[in-house]
Amino acid sequence: MSVFFMKIVACFAMLLDHTGAVLGWTGWNILPGNTTELFRGIGRIAFPVFAFLLVNGWRKTRNRDQYLSRLLLFACISQVPFTLALYTTNLMPMDAAAPMITFNYRGFPEGLIAALVLAACFWWSQRKKQARTMLWLLLTLFIMPLDIQIDGIRILGDALNVFYTLSLGLIIMSGLESILSKRDQPWYRILIIIASLTLGTLLIATKSDYGVPGVILIAALYFGKKRRAYQAAVVCVWGLVLYGFILTNALNALCTCLAAILILAYNGQKGIDIKYPFYWFYPLHLLALGIVNIVLR
């Protein structure tokens, strides 16, 4: 199975998941309950596949700076559609008493501090200037605490889209690789990287889609980046622990294990080499669901 086909399956699963979230019992309750559960369950296939492809892409890409810049760019692009589609208050009837416009910048200066620290971490780990990556990193973290509501519709909120999780995963892989590949480096450099990654996880992963469990999965897949069976086992264990024991949802746990089958079926080939349509699919399908929210309100 090629990268192209894996992305098709993951995008389809993600579309069903988000459709179920918006139109099912967690949203407008238009879809039957069983259909909602099925859609949300199939959606559990998506993130493990994307996490696997992230690690695989990080290992094979010729330009890691450009790779991270692209993820950060789409984190910025996707935040408004993500909020419109999936923010809790947008999935319920409009509050007639809601003010016309509200604007709040929560937690300043935590966003700026996190941006500076994580930018320093990435620079230290790569030992070169990467102005474009720094710029997108600063921007994504600067908008993180923004809270904007217009006519009762949340435009930006404290929940962050999955590109934040994937971007943090790349930064963590960069830091881990720097620590593990250069054993004679100064202790203070290792300390700075570890502190930066910890701060980033606390400030971003606790608010982003899939959150800390998602970051843990990416890191675990990174450690087995050359062992496909290990990566598949990691996905199964992750799904069983998260959905089988913590969230107690057997269907979600089972569908996560289906993602492991896709990983085992990966043949190492790219397939049809298109990149940006898959990136754009995420914000565009969320924007469409966000418009559905606005119409139904």
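- In this structure, L217 and V235 have side chains that are in contact, with non-hydrogen atoms separated by less than 4.5 Å.
- Contact annotation: the side chain of L84 never approaches that of R154 to less than 4.5 Å [non-hydrogen atoms, C-beta and beyond].
- Between F281 atom CZ and K7 atom NZ the span is 13.5 Å, to the nearest 0.5 Å.
- W238 and I42 fall within a single hydrophobic cluster, where Ile, Leu, Val, Met, Phe, Trp and Tyr are joined by side-chain heavy atoms under 4.5 Å apart, directly or via other members.
- Side-chain contact check for L168 versus S208: every heavy-atom pair is 4.5 Å or farther apart.
- Note: H285 and H18 have parallel aromatic rings, judged against thresholds of 30 and 60 degrees for the angle between ring planes.
- Residue F4 is found in a hydrophobic cluster whose other members, listed by chain and number, are I8, I272, I274, F278; membership requires side-chain heavy atoms under 4.5 Å apart, directly or through intermediates.
- Residues V3 and Q269 are not in side-chain contact: their nearest non-hydrogen atoms beyond the backbone lie 4.5 Å or more apart.
- The existence of a salt bridge linking E177 and R59 is excluded, since no basic side-chain nitrogen approaches an acidic carboxylate oxygen closer than 4.0 Å.
- Panel note: side chain Q149, backbone G157; no donor-acceptor pair is recorded below 3.5 Å.
- Expressed to the nearest 0.5 Å, how far CG of L289 lies from CD1 of I294 amounts to 11.5 Å.
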Go through the steps to decide whether L264 and M1 satisfy the test side chain to side chain contact (heavy atoms under 4.5 Å, CB included), and finish with yes or no. CA-CA 9 Å; L264 288 173; M1 182 179 295; over 6 Å; no
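- Across all their heavy atoms, A253 and G239 have their closest contact at CB-O, 3.9 Å.
- Annotation: F163 is not in aromatic contact with F82 [ring centroid separation under 6.0 Å not met].
- Residues L31 and L38 share a hydrophobic cluster, clusters being chains of Ile/Leu/Val/Met/Phe/Trp/Tyr side chains in contact below 4.5 Å.
- Side-chain contact check for R228 and Y266: no donor-acceptor pair (N or O, by modelled atom type) lies under 3.5 Å.
- Under the 3.5 Å distance criterion, the side-chain polar atoms of W25 are left unmatched by any main-chain donor or acceptor of I30.
- Two residues are said to be in side-chain contact when any heavy atoms from C-beta on lie closer than 4.5 Å; I218 and I172 fail this criterion.
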Show your working on side chain to side chain contact (heavy atoms under 4.5 Å, CB included) between I77 and F74 and close with a plain yes or no. CA-CA 5 Å; I77 293 172; F74 276 89; 4.3 Å; yes
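- In terms of heavy atoms, L68 sits closest to S167 at CD1-O, 3.8 Å.
- Linking ILVMFWY residues whenever their side-chain heavy atoms come closer than 4.5 Å, directly or via other members, leaves V212 and I171 in distinct clusters.
- With S78 as reference, N161 is the one residue of N161, L160, L73 to meet the side-chain contact (heavy atoms from CB on, under 4.5 Å) rule.
- Between the side chain of T165 and the main chain of D209, a donor-acceptor pair closer than 3.5 Å is present.
- Enclosure of atom CG in N34 is not indicated, since only 12 or fewer non-hydrogen atoms of other residues, nucleotides or ligands lie within 6.0 angstrom.
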Worked verdict on V9 versus M6 for side chain to side chain contact (heavy atoms under 4.5 Å, CB included): CA-CA 5 Å; V9 173; M6 292 181 75; 5.9 Å; no
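- The nearest pair of heavy atoms linking A220 to V234 is CB-CG1, 3.7 Å.
- At a threshold of 4.5 Å between non-hydrogen side-chain atoms, the residues L170 and L54 count as touching.
- Interatomic distance, CG of L53 versus CG of L262, reported as 9.5 Å (0.5 Å rounding).
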Determine, stepwise, if the pair T83 / I155 fulfils side chain to side chain contact (heavy atoms under 4.5 Å, CB included). CA-CA 6 Å; T83 306; I155 304 299; 5.8 Å; no
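- With hydrogens and angles ignored, the 3.5 Å screen pairs a side-chain donor or acceptor of Q231 with a backbone N or O of L221.
- Considering only heavy atoms from C-beta on, L86 comes within 4.5 Å of V22 through its side chain.
- Counting non-hydrogen atoms of neighbouring residues, nucleotides and ligands closer than 6.0 angstrom, the NZ atom of K60 exceeds 12 such neighbours.
- Counting heavy atoms of neighbouring residues, nucleotides and ligands inside a 6.0 Å radius, atom OH of Y67 exceeds 12 of them.
- Atom SG in C236 sits 7.5 Å away from atom CD1 in I261 (nearest 0.5 Å).
- Of the candidates Y282, Y210, Y243, F47 forms a ring pair (Phe, Tyr, Trp, His ring centres under 6.0 Å) with just one, namely Y210.
- When atom types are taken as modelled, the side chain of T36 and the backbone of P32 share a donor-acceptor pair closer than 3.5 angstrom.
- Contact check for M173 versus K225: no side-chain heavy atoms found under the 4.5 Å cut-off.
- Once rounded to the nearest 0.5 Å, the distance linking CG of L166 with CH2 of W58 reads 13.0 Å.
- Across all their heavy atoms, L15 and T19 have their closest contact at O-OG1, 2.7 Å.
- When every heavy atom of Y279 is checked against every heavy atom of L71, the shortest pair comes out as CE2-CD2, 3.8 Å.
- Under the rule for a ring-ring contact (aromatic ring centres under 6.0 Å, His included), F50 has no partner lying at least two apart in sequence or in another chain.
- Judged purely by distance below 3.5 Å, without hydrogens or angles, the side chains of N293 and Y87 never pair a donor atom with an acceptor atom.
- In this structure, CG in L254 is found 9.0 Å from CG in L240, a value given to the nearest 0.5 Å.
- Ionic pairing of R40 and D17 is present here: one or more N-O contacts between side-chain nitrogen and carboxylate oxygen are shorter than 4.0 angstrom.
- Nearest heavy atoms, T26 versus A21: OG1-O, 2.9 Å.
- Under the 4.5 Å side-chain heavy-atom criterion for grouping Ile, Leu, Val, Met, Phe, Trp and Tyr, L286 is connected to V295 within one hydrophobic cluster.
- The hydrophobic clustering, which links ILVMFWY residues whose side-chain heavy atoms are closer than 4.5 Å, places L251 and F39 apart.
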